[in-house]
Amino acid sequence: MARSNKKEEIFTLKELIDFAHKYLPRNYAPPDGFVLRKARGCWVWDTQGKKYLDMLGCYSAVNVGNGNKCVLEAVKKQLERGFTANANCFWEENKILFAKELAEFCEMDMALPMNSGAEAVETAMKIALKWGYTVRGISEDKGELIFCEGNFHGRTKGVISASTVPQYKDLFGPHLPGIKIVPFGDADELNRKINKNTAAFVFEPIQGEGGVIIPPDGYLSEVRKICNRNKILMVLDEIQSGFGRSGKMFAYEHEKNAKPDLMILGKALGGGLVVSAVVGKKDVMNVLKPGDHGSTFGGNPLACAAARASLRFIKEKKLPERAERLGKYFMDRLKEIAATTGKIKEIRGRGLWVGVEVNHDGPTAHQYCEAFWKEGILCKETREYTIRFSPPLIITKEELDYALRKIARVFVS
Ligand SMILES: *Cc1c(COP(=O)(O)O)cnc(C)c1O
């Protein structure tokens, strides 16, 4: 295994792992075999100097690559100007330009910056409900939001009320009222669930954590029509699917006339830094009045500088086209591997976003991922039997071939 030439150990691996178990609560369960330290492009190094090919891309948060130079330069420049969160009660240059550039990038009217993805989802839920009361005329406190079975929108208290995964919500109740659930991909059922109190339908165009689940063709356009007909908002969570991941800039572009009223963005938006946003049409966004909503660090100059550089990079390097082309290559090769091993049940994907569902009577996706880690490939299962690949979109064909050789070795052994 390739090692970086400089081995610099401050604490031993065992000491670090002991600290991890002592000081970090177990809300995640990382493997104890290695501790990451450094990342560049599609490669990540651990404290022992072993390198890994990053086939997870921080769940699609580093589409521009780890430690992207353009993002790094923009952040450095902003750091030198002073990186504290300028209070949101004063105008700040970077935040204004971020909103302008992001709104234009998304072909929307306005952009409201937040920090984490879940926080942006909460923001969209609030905007949708206030729009429901003030524009659609829903009686106060009767507003309803419809979500999909198997969704993932984050882990905050309000958002988990909409989850259908028991572990995400059990023992964290009581949960919010006014949430309805429909099967993902079923437009008829959505149509049936809408009533006079419905403010919005909030969903992912492709379910990421759910296992890279692609809805039937025509679903998004049909949802758009249903939302128009019933005068409810179509709110798309493009946190994982956005910024080129699926082979289009945003996943809704895979269908005609499917542009949402509000779009929720995060992950890749910041090029590796923490920033999320809600973008949307002005008649919807403008329901917010001074004092209605806010966040101390939302729209801070450092995050905005990173996001602006990341947006420029995604556009200039045409990352969606790249994802489309390389994603097709990657999936075709994976299908060849599947045909020779017989251990794979299904391969689903769009762009450089692929779910490999393994047979349910063999090793779990987690067990396969452990084998990949040993081979120097970072990826992560989602749900029990799906291995998800979502590498940085700057990945080269040669790097994909490297991953494919290791993947083949694990499946054939
Ligand atoms: C990751 C994710 C979120 C939550 O984002 P956080 O930054 O982890 O809060 C919400 N929606 C989707 C579709 C995601 O993939």
Side-chain angles (χ1 to χ4, degrees), residues 27-28 30 56-63 112-128 145-165 167-169 172 179 181 184-185 200-215 220 234-246 248 250-252 254 260 262-279 295 297-300 303 306-307 310 348-355 379-383 386 388-393:
N27 62 325
Y28 287 95
L56 176 63
C58 193
Y59 314 97
S60 193
V62 285
N63 293 5
L112 172 55
M114 285 283 136
N115 305 283
S116 70
E119 200 184 9
V121 176
E122 296 273 353
T123 303
M125 289 168 75
K126 284 176 69 179
I127 294 174
L145 300 172
I146 303 180
F147 289 81
C148 283
E149 184 87 45
N151 73 67
F152 184 82
H153 299 289
R155 308 296 208 137
T156 53
K157 188 69 187 71
V159 170
I160 60 166
S161 294
S163 177
T164 61
V165 179
Q167 199 198 349
Y168 296 172
K169 44 196 318 191
F172 298 116
I179 304 274
I181 301 291
F184 180 63
F201 177 43
V202 185
F203 69 113
E204 302 150 86
I206 293 173
Q207 290 190 329
E209 299 306 301
V212 193
I213 310 288
I214 299 163
L220 301 175
M234 173 173 167
V235 181
L236 263 192
D237 181 344
E238 289 253 16
I239 291 175
Q240 189 162 154
S241 54
F243 300 110
R245 173 58 56 195
S246 75
K248 299 273 185 198
F250 297 105
Y252 77 81
H254 285 286
L262 292 180
M263 190 156 68
I264 311 168
L265 302 170
K267 293 203 166 102
L269 171 60
L273 266 80
V274 189
V275 53
S276 66
V278 178
V279 296
S295 153
F297 282 105
N300 73 78
S310 163
R348 301 179 289 267
R350 280 249 162 99
L352 274 170
W353 197 17
V354 179
C379 60
K380 176 81 172 83
E381 78 278 3
T382 176
R383 305 288 152 88
T386 303
R388 173 220 348 235
F389 295 106
S390 54
L393 303 183

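None of the values given here were measured: they were computed from a predicted structure. Atom set for the values below is all heavy atoms of this structure, side chains included, hydrogens, waters and symmetry mates excluded. For ligands, and for the atoms within them, numbers begin at 1 and follow the listed sequence.
Put simply, the side chain of Ser246 never gets that close to the backbone of Gly351: no donor and acceptor are under 3.5 Å apart. No donor-acceptor pair closer than 3.5 Å links the side chain of Lys267 to the backbone N or O of Ser241. Between the side chain of Gln240 and the main chain of Ser60, no donor-acceptor pair closer than 3.5 Å is present.
Sorted by chain and number, the heavy-atom contacts of ligand 1 below 4.0 Å come from Ser116, Gly117, Ala118, Phe152, His153, Gly154, Glu204, Asp237, Ile239, Gln240, Lys267.
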Next on the checklist: One pair to check against ring pair (Phe, Tyr, Trp, His ring centres under 6.0 Å): Phe201 and Phe147. What are the steps and the verdict?
Outcome noted: CA-CA 6 Å; Phe201 177 43; Phe147 289 81; 8.3 Å; no
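Using a 4.5 Å heavy-atom cutoff, the side chains of Arg388 and Glu209 are in contact.
Residues Leu220 and Tyr252 share a closest heavy-atom pair of CD1-CA, 3.7 Å.
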